[in-house]
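Since the structure is predicted, the reported quantities are computational estimates derived from the model, not experimental observations.
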Amino acid sequence: MKWAKNSALALIFSMALVVTGCGQKAPAAEPAASTATSTPAETEQKLNVQVSFYPMYEFTKNVAGDLADVHTLVPAGMEPHDWEPTPQDMASIEKADVLVYNGAGMESWVDQVKDSLSSSKLIQVEASQGISIREGGEEEEHDHDHDHADEAASGEHDHADDAAAKDGHDHAEASSEEHDHDHGGLDPHVWLSPALAIKEVRNIEAGLAKAAPQHADQFKQNADAYVAKLEALDQDFKAAVKDSKRKDFITQHAAFAYLAQEYGLQQVPIAGLSPEQEPSAAQMASVIDFAKEHKVKTIFFETLVSSKISDTIAQEVGAKTAVLNPIEGLTEDEVKAGKDYISVMRENLEALKLALNE
């Protein structure tokens with residue numbers, strides 16, 4: 001299965017040069033991002049930056065300001081775990097100055113794409129570089145009878161130790177043949193911790209400065225302004241959970257381990273790292289038992305996938321459901337409403353405050 005998928009991506013890339021001259025697809029609407037303004041000389045061409053999915057767009061746009069055209073590969077409203085590049089996408093990456101991706105196995109296609117590129121000028125930015133990446137261990141997915149936060153240190157490997165490798169971890173090769181979107185056993189959801197999001201922003205700043213060193217000072221100024229917003233968000237999370245009545249919360253899939261670890265909370269996921277993974281009967285029973293024993297009154301679901309499983313558990317235990325958004329992408333309605341990473345994370349904060357104090 002892995003060979004077939006890699007061969008398919010190679011075939012897609014070989015087609016990209018053919019389709020480039022045959023017209024371009026209409027670009028998906030880009031989400032709004034509140035950015036610092038910076039005006040390059042009118043004769044100077046902006047950087048062409050391609051990013052993998054929504055959080056990378058938000059972070060990159062806020063660092064780049066008006067000095068780059070930033071385009072998201074995964075369209076608005078699409079679950080990024082399901083996405084694979086088309087020939088047009090491959091052509092867009094080939095023509096870009098910078099490619100920004102999360103890494104840590106989130107983009108299962110990225111290693112094959114990078115191997116296929118002929119562009120020597122492309123700056124590749126792995127935003128999670130230097131961050132300690134958690135292993136997606138069996139104990140977190142299935143055993144809800146102990147404090148997962150205590151396992152955080154043993155569930156990590158040092159991403160920074162591997163940073164010197166040419167292209168970082170070979171996440172795609174590590175992926176399971178039984179499930180193409182399990183991230184190679186790694187948990188990629190680092191952007192859901194504001195503190196780690198700051199590190200991703202700084203990595204993106206460094207990549208843009210490498211691509212356009214003449215604008216390094218402006219990139220730093222823009223990054224500093226956005227990091228200040230992330231630091232304020234981080235402080236608000238710390239204040240909100242400090243004296244909460246409870247520290248545990250049940251989520252649809254295991255996306256919030258970094259957030260939980262950062263703020264001393266316990267994530268109890270119904271399923272694993274992929275939102276499309278179906279929980280077993282034993283997993284369902286385990287979560288239901290936990291919810292009853294701990295008198296959980298809110299079961300969280302997310303916006304880009306079906307809430308059926310969360311609804312079933314909520315019905316069984318007499319709880320309500322609410323959204324806890326992993327921000328893997330914005331819906332069309334969220335884009336139209338002008339929502340962004342900061343505003344959605346603040347909605348997550350309010351939802352958690354309610355659930356942790358019931």
Side-chain angles (χ1 to χ4, degrees), residues 79 81 105 133-157 175-190 192-193 241 244-326 328 348 351-358:
E79 166 51 55
H81 300 79
I133 301 300
R134 292 174 54 91
E135 301 284 350
E138 288 293 315
E139 66 277 1
E140 180 171 62
E141 294 185 18
H142 304 298
D143 186 356
H144 304 304
D145 296 325
H146 58 274
D147 189 353
H148 302 159
D150 290 340
E151 299 167 355
S154 62
E156 297 176 356
H157 77 275
S175 63
S176 167
E177 291 189 0
E178 288 79 14
H179 199 290
D180 287 338
H181 303 297
D182 71 348
H183 314 298
L186 304 178
D187 183 351
H189 302 87
V190 295
L192 289 169
S193 161
V241 304
S244 59
K245 293 180 181 178
R246 61 187 313 126
K247 301 297 181 184
D248 51 62
F249 60 98
I250 296 178
T251 62
Q252 186 158 318
H253 91 283
F256 295 90
Y258 293 101
L259 183 145
Q261 180 179 335
E262 187 69 33
Y263 304 116
L265 301 175
Q266 179 188 0
Q267 171 190 236
V268 181
I270 299 171
L273 289 173
S274 172
E276 63 191 27
Q277 181 179 338
E278 291 284 342
S280 66
Q283 285 175 285
M284 292 280 283
S286 176
V287 174
I288 288 170
D289 289 345
F290 181 94
K292 289 179 176 178
E293 179 183 349
H294 294 83
K295 297 179 173 58
V296 175
K297 298 179 181 178
T298 300
I299 309 296
F300 286 114
F301 68 98
E302 56 196 69
T303 53
L304 295 182
V305 296
S306 171
S307 64
K308 181 173 66 174
I309 294 173
S310 294
D311 293 337
T312 298
I313 291 179
Q315 259 189 333
E316 180 69 23
V317 303
K320 65 179 183 297
T321 59
V323 171
L324 197 62
N325 195 332
E328 293 175 351
N348 284 344
L352 275 173
K353 282 168 62 176
L354 289 173
L356 296 177
N357 288 286
E358 292 177 320

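The two atoms that bring F256 and Q267 nearest to each other are N-OE1, 2.6 Å, heavy atoms only. Nearest heavy-atom pair across P269 and H253 is CB-C, 4.0 Å. What you find for A255 and L192 is that their closest heavy atoms are O-CD1, 3.2 Å.
Rounding to the nearest 0.5 Å gives a distance of 10.5 Å between CD of Q252 and CG of L304. Distance CD/E302 to OG/S307: 10.0 Å, rounded to 0.5 Å.
Annotation for E358: atom CD counts as buried by contact number, over 12 foreign heavy atoms lying within 6.0 Å. The neighbour count for K295 NZ, taken as heavy atoms of other residues, nucleotides or ligands under 6.0 Å away, does not exceed 12.
Of the possible donor and acceptor atoms, one in the side chain of N348 sits under 3.5 Å from a partner among the backbone N and O of N325. Judged by distance alone, with hydrogens and angles left aside, the side-chain atoms of Y258 form a donor-acceptor pair with the main-chain N or O of D187 at under 3.5 Å. For the pair K353 (side chain) and S244 (backbone), a donor-acceptor distance under 3.5 Å is absent. Formation of a donor-acceptor pair under 3.5 Å by the Q283 side chain with backbone atoms of S280 is found in this model.
A side-chain contact (heavy atoms from CB on, under 4.5 Å) with I270 is found for one member of T251, T312, I299 and no other, namely I299.
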**Prompt:** Does the pair D248 and H294 meet the rule for a side chain to side chain contact (heavy atoms under 4.5 Å, CB included), with working shown?
**Reply:** CA-CA 9 Å; D248 51 62; H294 294 83; 4.2 Å; yes
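For Q261 and R134, the side-chain atoms include at least one donor-acceptor pair closer than 3.5 Å.
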